[in-house]
Amino acid sequence: MSRRPIHDEPIIIPPGEPLPRDRASRSLDDETLSRLATLLDDIFRIPGTSFRFGLDPIIGLIPGAGDLISSIASFLIVYSAWQRGLPRATVGRMVANIAIDTLAGSMPIVGDAFDAVWKSNRKNVELLKLHSAHETRVQRWHDRVFLVGLCVVLLALAAVPFVVIYLIIHLLRK
């Protein structure tokens with residue numbers, strides 16, 4: 001006797017199978033995500049120039065908590081990509097964009113200027129739109145190579161703030 005799944009019961013999806021459409025449709029829509037990226041990366045324009053920036057570098061001026069707050073907002077885009085079943089390599093690229101933004105943004109002043117230029121949220125929304133238009137695909141060898149390279153780069157980036165702090169303390173002791 002087979003048991004029919006209850007409507008609210010989670011469905012187990014075998015690896016490689018696309019997500020059911022109802023799960024993907026629960027993610028934030030492209031327009032909402034684009035508005036979030038605009039708010040964080042390019043809502044303001046410097047008069048007389050074409051340079052735009054958003055709340056991300058402004059919030060980043062708050063020591064410690066600023067970058068954490070903007071990273072959480074950025075994670076909504078990555079979470080939407082995961083809900084839509086985008087390839088792991090694409091989600092990895094999105095996480096790398098946020099990691100670079102967060103690590104570089106953790107440096108006072110210079111990091112906030114970097115935040116204004118890097119625009120990780122805009123990049124991630126563009127990646128999401130690009131890959132949402134295509135059906136979920138099988139990962140290729142270069143996607144896996146990218147993911148391994150991404151891990152190496154993220155480990156190196158994670159060490160940078162500690163090296164900078166060490167150098168500052170070392171210089172102050174002299």
Side-chain angles (χ1 to χ4, degrees), residues 27-28 30 32-132 139-174:
S27 70
L28 296 172
D30 287 351
T32 302
L33 294 171
S34 186
R35 279 187 269 151
L36 177 63
T38 297
L39 181 67
L40 292 171
D41 287 342
D42 46 53
I43 195 167
F44 305 112
R45 185 177 62 83
I46 296 177
T49 70
S50 62
F51 184 75
R52 302 187 73 84
F53 64 98
L55 292 177
D56 189 14
I58 295 170
I59 294 170
L61 291 171
I62 302 169
D67 294 311
L68 180 63
I69 292 168
S70 63
S71 294
I72 291 169
S74 299
F75 181 73
L76 290 174
I77 299 168
V78 175
Y79 183 69
S80 248
W82 175 80
Q83 279 186 317
R84 295 176 187 200
L86 266 62
R88 280 184 241 149
T90 301
V91 175
R93 287 181 180 111
M94 295 170 89
V95 170
N97 284 335
I98 294 171
I100 292 167
D101 185 30
T102 302
L103 289 173
S106 65
M107 293 183 281
I109 311 299
V110 174
D112 298 312
F114 179 83
D115 280 347
V117 175
W118 183 248
K119 301 184 188 309
S120 64
N121 301 298
R122 179 62 52 207
K123 291 177 184 201
N124 287 347
V125 167
E126 294 305 317
L127 278 171
L128 183 119
K129 287 179 181 178
L130 175 70
H131 288 283
S132 289
Q139 300 292 340
R140 296 188 178 148
W141 68 269
H142 55 82
D143 293 325
R144 290 182 179 88
V145 169
F146 173 80
L147 209 52
V148 169
L150 175 67
C151 290
V152 170
V153 169
L154 287 177
L155 287 173
L157 286 172
V160 169
F162 297 109
V163 172
V164 170
I165 290 170
Y166 172 79
L167 291 174
I168 290 171
I169 291 172
H170 182 71
L171 289 174
L172 290 175
R173 286 188 176 174
K174 285 187 176 184

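One-based numbering along the sequence shown.
Here the side chain of R93 pairs no donor or acceptor atom with the backbone of N97 at under 3.5 angstrom.
Note that CG of D41 and CZ of F53 are 12.0 Å apart. Values are rounded to the nearest 0.5 Å. Distance check: N121 CG to F75 CZ gives 13.0 Å after rounding to the nearest 0.5 Å. Atoms CG and CD1, from L40 and I59 in turn, are 6.5 Å apart once rounded to the nearest 0.5 Å. Taken to the nearest 0.5 Å, the CG atom of D115 stands 12.0 Å off from the CD1 atom of I100. The distance from atom NE2 of H131 to atom CZ of R84, rounded to the nearest 0.5 Å, is 12.5 Å. Interatomic distance, I168 CD1 to H170 NE2, rounded to the nearest 0.5 Å: 12.5 Å.
Partners of D112 by side-chain hydrogen bond (donor to acceptor under 3.5 Å, both in side chains), not counting sequence neighbours: none found. Not a single ring pair (Phe, Tyr, Trp, His ring centres under 6.0 Å) links F51 to another residue, sequence neighbours left out.
When all heavy atoms of L128 and I77 are compared, the pair lying nearest together is CD1-O, 3.8 Å. Among all heavy-atom pairs drawn from K119 and R52, the shortest one is NZ-O, 2.5 Å.
Between D56 and R122, none of the side-chain N atoms (NZ, or NE/NH1/NH2) sits under 4.0 Å from a carboxylate O, so this pair counts as no salt bridge.
The number of heavy atoms from other shown groups lying within 6.0 Å of CD1 (I109) does not exceed 12.
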